[in-house]
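Read through the structure below, which is laid out as structure tokens, and then see the notes.
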Amino acid sequence: MRIEVITLFPEMVQSTARHGVTGRAMDRGLWSLACRNPREFASDAYRSVDDRPYGGGPGMVMLAEPLEKAIDAARTALREAGVAAVRSIYVSPQGEPLQHRRVVELAAQPGLVVIAGRYEGVDERVLQRAVDMELAIGDFVVSGGELPALMLIDAVVRQLPGVLNDAQSKVEESFVDGLLDCPHYTRPEVYAGVAVPAVLLSGNHASIARWRRKQSLGRTWLRRPELLAARGMSKEESELLEEFKREQVSGDKHQ
Ligand code: 9D3
């Protein structure tokens, strides 16, 4: 997959993407990243990329022309690399909230253009002319589109074939079944006076799997009940959840 990012901070995007899972996948040729800076396409002597909003008000708006030229350059580069269908995504607080199913759909595309905004937003006419989709990463505000773009890219790249190893993919699949993850423990057996649950030391893999499932159901019920409602439960799962409720310690810090 080829990803192009339109950003005023290309070093921020490139350097972050080179870390960890996404960086290794890049080294292995599973995806590539190119950045286009609208400033390189600015037409005035100051290389302006923003201006004051019509109608007044605080803040600045990204100029249409340098932004659209940068998007066009990205599309052209993808087309010349043999990418037929290019999807362009503007990450913005007004976008559709990003969910796993959308991530999976985007991972099946051969090329993406991701537009990261700065200032109060971008000129609406660019969105009409050059953007296919507007995505948000959550109902909170961050200072610019680069971190949301990187989150989207990270989520998409981990879905590409060969990026995760088999063990990692299995864990991923179990999360994708709509439940939160179970608690994890490693050495020592007792830390700060708190012991690891005995079942995890038992060596009984069926009991361990059952305990983990029960914890996942219980934590989802406690923290994200709407996920359970959306997904439904089998008879076995309902029984496991009832067992979790009976075992629940009152005063659990997550309540
Ligand atoms: C005062 C109006 N603000 C909109 C809520 C202005 C504004 C704040 C922050 C405009 C852009 C930004 C920068 N944020 C993003 O580009 C962004 C974002 C976000 O802030 N929250 C959740 N998802 C995203 S995706 C891109």
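If you're wondering where the values come from, they're calculated on a predicted model, not measured in any experiment. Just so you know, ligand 1 is whichever comes first in the structure, and atom 1 is the first atom listed for that ligand. This chain uses plain numbering: 1 for the first residue, then up along the sequence.
For ligand 1, the polar-atom distance check finds an N/O of Phe140 within less than 3.5 Å of one of the ligand's N/O atoms.
Of the options Pro93, Gly138, Pro58, the smallest heavy-atom separation from atom 18 (C) of ligand 1 is shown by Pro93. Between the choices Val142, Leu152, Leu147, Val61, the shortest heavy-atom distance to atom 13 (C) of ligand 1 belongs to Val142.
With a heavy-atom cut-off of 4.0 Å, Ser92 touches ligand 1 through its backbone alone. Contact annotation: for Leu135 versus ligand 1, heavy atoms closer than 4.0 Å belong to the backbone alone. Using a 4.0 Å cut-off between heavy atoms, Glu120 contacts ligand 1 through both its backbone and its side chain.
The protein heavy atom nearest to atom 8 (C) of ligand 1 is Val141 CG1, 3.5 Å. The protein heavy-atom contact nearest to atom 23 (N) of ligand 1 is Ile137 N, 3.0 Å.
Formation of a donor-acceptor pair under 3.5 Å by the Gln128 side chain with backbone atoms of Arg125 is not found in this model.
Electrostatic pairing of Glu40 and Arg36 does not count as a salt bridge here, judged by no charged N lying under 4.0 Å from a carboxylate O. Taking a cutoff of 4.0 Å between a charged side-chain nitrogen and a carboxylate oxygen, Glu105 and Arg101 do not qualify as a salt bridge. Using a cut-off of 4.0 Å between Lys/Arg side-chain N and Asp/Glu carboxylate O, Arg224 and Glu226 are scored as salt-bridged.
Here the straight-line distance linking atom SG of Cys35 with atom CE of Met12 works out to 11.0 Å at 0.5 Å rounding.
For ligand 1 and Ala136, the ligand atoms under 4.0 Å from any heavy atom of the residue are 23 (N). Taking a cut-off of under 4.0 Å to the non-hydrogen atoms of Pro148, the atoms of ligand 1 that pass are 17 (C), 18 (C), 24 (C), 25 (S), 26 (C). Atoms of ligand 1 lying under 4.0 Å from at least one heavy atom of Val91, given by number and element, are 16 (O), 25 (S), 26 (C).
The aromatic rings of Trp211 and Tyr185 sit tilted, their planes meeting at an angle between 30° and 60°.
Looking only at atom types and distance, the side chain of Arg219 has no donor-acceptor partner in the side chain of Gln215 under 3.5 Å away.
By the neighbour-count criterion of 12 heavy atoms within 6.0 Å, atom CZ of Arg39 is densely surrounded, having more than that number from other residues, nucleotides or ligands.
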